[in-house]
Every structure is written in C-alpha cells, then in structure tokens.
Asks: 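The structure under discussion is supplied below as structure tokens; questions concerning it will follow.
Proteins get letters first, then strands, A, B, ... in listed order; numbering begins at 1 in each. What you see is a predicted model, and the numbers here were worked out from it, not measured in a lab. Side-chain atoms are counted along with the backbone in the values below, which use heavy atoms only and exclude waters and symmetry mates.
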Protein chains: 2
Amino acid sequence: MPQLPTTFAALGNATRLAIVERLLAEGELSAGALQADSITPPAMSRHFKVLREAGIVVQRVDAQRRLYSVKPEAVQAIGEWVLNFREFWAGSLDRLDAALKEAE
Amino acid sequence: MPQLPTTFAALGNATRLAIVERLLAEGELSAGALQADSITPPAMSRHFKVLREAGIVVQRVDAQRRLYSVKPEAVQAIGEWVLNFREFWAGSLDRLDAALKEAE
DNA sequence: TCATTAATTACCTCTTACGTTAATTAACAT
DNA sequence: ATGTTAATTAACGTAAGAGGTAATTAATGA
C-alpha cells in the first residue's frame with residue numbers, strides 16, 4: 001500500500017483526478033472509454049500507470065481492452081486521514097469515524 | 001478558493017503534508033517551529049508559499065515571526081470530495097454527509 | 001546605531017513530470 | 001495471412017518542482 005503523499009500527488013493532476021472521478025461515478029471503464037480528446041492516448045496511458053502505481057486504480061485485462069476501476073481502500077485512506085484530525089473539527093465529525101469503519 | 005487538484009498537489013509532497021499534519025495536531029505554529037532539520041529555511045519558506053497559494057494554510061504576522069494555521073475549509077473540501085462518491089461505498093457512509101454539513 | 005533573529009527573495013542546478021509523434025505489441029476478425 | 005483495433009513503449013523536448021547557497025528585508029534588543 002502506497003503512502004498518502006503518493007496518493008495525493010497522483011490526484012494532484014486535473015486529468016488524473018477526472019479519470020478517478022469518472023470511475024467513481026460510472027464504475028469500471030476501459031482506457032478507450034476514459035480517453036480525453038484534449039490529450040493523446042500515450043499520455044493517458046502514462047496517467048493510468050501513475051494511478052496504478054499509486055494504488056488508486058486496478059487494471060483488468062479483457063482482450064485488447066484494459067478495464068480500470070478504483071480501489072476502495074485508496075479513497076477510504078483519504079477519508080480516514082481527514083478523520084484522524086477530527087478534533088480539529090471540534091468533535092462535530094465524530095460520527096464519521098464509525099461510518100468509515102463500517103465501510104471496511 | 002482553489003481547485004481540488006491544486007489542494008491534492010500541495011499535499012502530494014511529504015514535507016508539506018508533514019507541515020499540515022503538525023498544524024492540524026498542534027494548532028498554530030511559527031515557520032521556525034515547523035522547521036525540519038533535513039531541509040533549509042528557504043526551502044521550507046517555499047513550501048509554506050505553496051500551501052498558502054493552495055488555500056490550505058493562512059499566515060499571520062507577529063513581529064518577525066510568521067504564524068501558520070490550517071484553513072478548515074481546505075480539509076473539509078477533501079472530506080466532501082470523498083463523500084460525493086459515497087454511492088461507491090454502497091451507501092454505508094451516508095451519515096458522513098450530515099456530519100460534514102454540521103461542521104460548516 | 002549596530003548586531004541578532006526570522007524569514008524571504010534571487011539565482012542557480014538537477015530531476016521529474018507531462019506532452020508530442022513514431023514505433024511496437026497483442027488480440028480480433030475476415 | 002492480413003488488416004484493424006486497443007493500448008503501450010520508445011525517444012525526445014520543454015516546463016515545473018525541489019533543493020542548495022548567498023544576499024536581502026524587516027523587526028528586536030543591547
């Protein structure tokens with residue numbers, strides 16, 4: 001499991017964040033379906049690699065297609081990081097803790 | 001208010017994430033108090049600038065000292081991003097939504 | 001005033017990130 | 001076999017990120 005800075009760094013790029021958001025909203029999608037027309041396929045391919053290596057997405061092979069989906073643990077790790085500092089929120093978010101635990 | 005990719009990018013560096021975590025845990029601290037000995041003051045200063053420009057911290061001036069603290073909205077924005085995709089968690093995190101709203 | 005403390009800005013170096021086009025690999029379909 | 005589709009790897013250029021030393025600004029204190 002990669003470090004949190006690595007996760008944040010991977011999401012710190014608008015193209016990659018958009019990929020992850022589409023996968024979260026629509027579920028598993030192929031590289032082709034995720035292709036943005038403002039960028040070339042090789043560039044997209046490298047973004048997928050960054051996301052894979054950061055442990056944010058997993059790749060599944062189906063013939064020539066590469067199907068991607070988000071790893072729940074990655075998003076959950078971010079949620080838990082926020083919750084780790086819930087004292088900062090003056091205790092108003094205590095229920096988040098239980099909720100995140102349930103999702104495990 | 002900066003974009004989410006900018007926020008993630010700012011936290012995507014181990015030194016800056018450590019700064020933010022100390023501020024969250026200990027509250028307002030001066031640049032000097034946050035100084036890591038593995039890095040020079042100028043380098044730290046530039047990290048503070050990145051965090052300021054990303055809207056993650058605010059600077060307060062006290063004589064020669066610069067006092068930093070975390071902007072709650074920034075951490076909250078991350079929490080809300082996670083929650084925006086709560087359907088992904090099979091509805092088990094619905095309560096997070098209410099909790100984050102309370103913290104506003 | 002002059003030295004000290006706190007932090008930043010200027011300048012330079014090196015590495016990584018991100019994009020492109022061209023070439024390649026792999027699986028299908030005819 | 002051959003062409004087509006899907007995606008990646010190779011090779012290359014440019015820009016941004018992160019670090020250092022030296023110089024500078026600003027406030028304090030003797």
Side-chain angles (χ1 to χ4, degrees), chain A residues 2-23 26-71 74 78, chain B residues 2-23 26-71 74 78:
Chain A
Q3 316 291 346
L4 200 54
T6 305
T7 302
F8 282 140
L11 298 177
N13 170 279
T15 301
R16 286 193 296 264
L17 184 59
I19 290 170
V20 172
E21 287 179 343
R22 276 202 65 198
L23 290 175
E26 303 178 36
E28 191 181 53
L29 289 171
S30 68
L34 287 161
Q35 181 62 45
D37 45 311
S38 59
I39 214 177
T40 59
M44 286 297 278
S45 183
R46 279 189 296 271
H47 282 306
F48 293 133
K49 190 182 183 189
V50 170
L51 290 171
R52 279 196 314 269
E53 290 178 350
I56 296 174
V57 303
V58 275
Q59 186 191 67
R60 193 168 67 86
V61 176
D62 170 44
Q64 316 102 306
R65 288 196 178 75
R66 305 298 133 92
L67 300 170
Y68 290 100
S69 51
V70 173
K71 289 177 75 175
I78 296 171
Chain B
Q3 319 289 353
L4 200 54
T6 305
T7 301
F8 282 139
L11 298 177
N13 169 280
T15 301
R16 286 193 296 265
L17 184 59
I19 290 169
V20 171
E21 288 180 342
R22 275 202 66 197
L23 290 174
E26 302 178 36
E28 191 181 53
L29 289 172
S30 68
L34 286 161
Q35 180 62 46
D37 47 311
S38 59
I39 215 177
T40 60
M44 286 296 278
S45 182
R46 282 189 296 267
H47 283 305
F48 293 132
K49 190 182 184 189
V50 171
L51 290 171
R52 279 197 312 271
E53 290 178 350
I56 296 174
V57 302
V58 276
Q59 187 192 65
R60 193 168 69 85
V61 175
D62 170 43
Q64 314 104 305
R65 287 195 180 74
R66 304 300 133 89
L67 300 169
Y68 290 100
S69 52
V70 173
K71 290 176 76 175
I78 297 171

Asks: Taking only heavy atoms on the protein side, list every residue of residues 4-15 of chain A lying under 4.0 Å from any atom of DNA chain D, sorted numerically.
Replies: none
Asks: Using atom CG of B:Leu29 as one end and atom P of C:dA6 as the other, report the distance to the nearest whole Å.
Replies: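 Computing the B:Leu29:CG to C:dA6:P distance gives 15 Å.
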Asks: Could you list the residues that satisfy side chain to side chain donor-acceptor pair (under 3.5 Å) with A:Gln59, not counting sequence neighbours?
Replies: A:Tyr68
Asks: Say you draw a straight line from CG of A:Leu51 to CZ of A:Arg46; how long is it, rounded to the nearest 0.5 Å?
Replies: 13.5 Å
Asks: Which heavy atom of B:Thr7 sits nearest a heavy atom of B:Ala54, and at what distance?
Replies: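 Where B:Thr7 meets B:Ala54 most closely, the heavy atoms are OG1-O, 4.2 Å.
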Asks: Can you work out whether B:Arg52 or A:Ser38 has the more 5'-proximal nearest nucleotide on DNA chain C?
Replies: B:Arg52
Asks: Under 3.5 Å, is there a donor-acceptor pair between the side chain of B:Asp62 and the main chain of B:Arg65?
Replies: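 Absent.
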Asks: Roughly how far, to the nearest 0.5 Å, is NE2 of B:His47 from CD1 of B:Ile19?
Replies: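 Between B:Ile19 CD1 and B:His47 NE2, I get 6.5 Å after rounding to 0.5 Å.
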Asks: Which residues within residues 40-47 of chain A lie with some heavy atom under 4.0 Å of an atom in DNA chain D?
Replies: A:Pro41, A:Pro42, A:Ser45, A:Arg46
Asks: Hey, can you pull the residues of residues 53-67 of chain B with a non-hydrogen atom under 4.0 angstrom from DNA chain D?
Replies: B:Ala63, B:Gln64
Asks: Could you tell me whether the side chain of A:Leu11 reaches within less than 4.5 Å of the side chain of A:Val20, counting heavy atoms only?
Replies: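 With C-beta onward as the side chain, the pair touches.
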Asks: Is there a side-chain contact between A:Phe8 and B:Leu17 in this structure, where contact means two heavy atoms from C-beta onward sitting under 4.5 Å apart?
Replies: yes
Asks: Mind checking whether A:Ser69 and A:Leu23 have side chains closer than 4.5 Å, heavy atoms only?
Replies: no
Asks: Taking salt bridge (charged side-chain N to carboxylate O under 4.0 Å, His left out) as the test, write out the residues that go with A:Arg22, two or more places apart.
Replies: A:Glu26
Asks: Taking the side chain as every heavy atom from C-beta outward, state whether B:Ile56 and B:Arg16 have any pair of such atoms under 4.5 Å apart.
Replies: no
Asks: To the nearest 0.5 Å, tell me how far A:Glu28 CD sits from A:Leu34 CG.
Replies: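 Here the interatomic distance stands at 10.5 Å.
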Asks: Going 5' to 3' along DNA chain D, which are the first and last nucleotides with any atom under 4.0 Å from a heavy atom of chain A?
Replies: D:dT5 to D:dA11
Asks: Spell out, as yes or no, whether a donor-acceptor pair under 3.5 Å connects the side chain of A:Arg66 to the backbone of A:Ala31.
Replies: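 Not confirmed, A:Arg66 side chain does not pair with A:Ala31 backbone.
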Asks: How long is the line joining CZ of A:Phe48 and C1' of C:dG19, in whole Å?
Replies: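 Between C1' of C:dG19 and CZ of A:Phe48: 15 Å.
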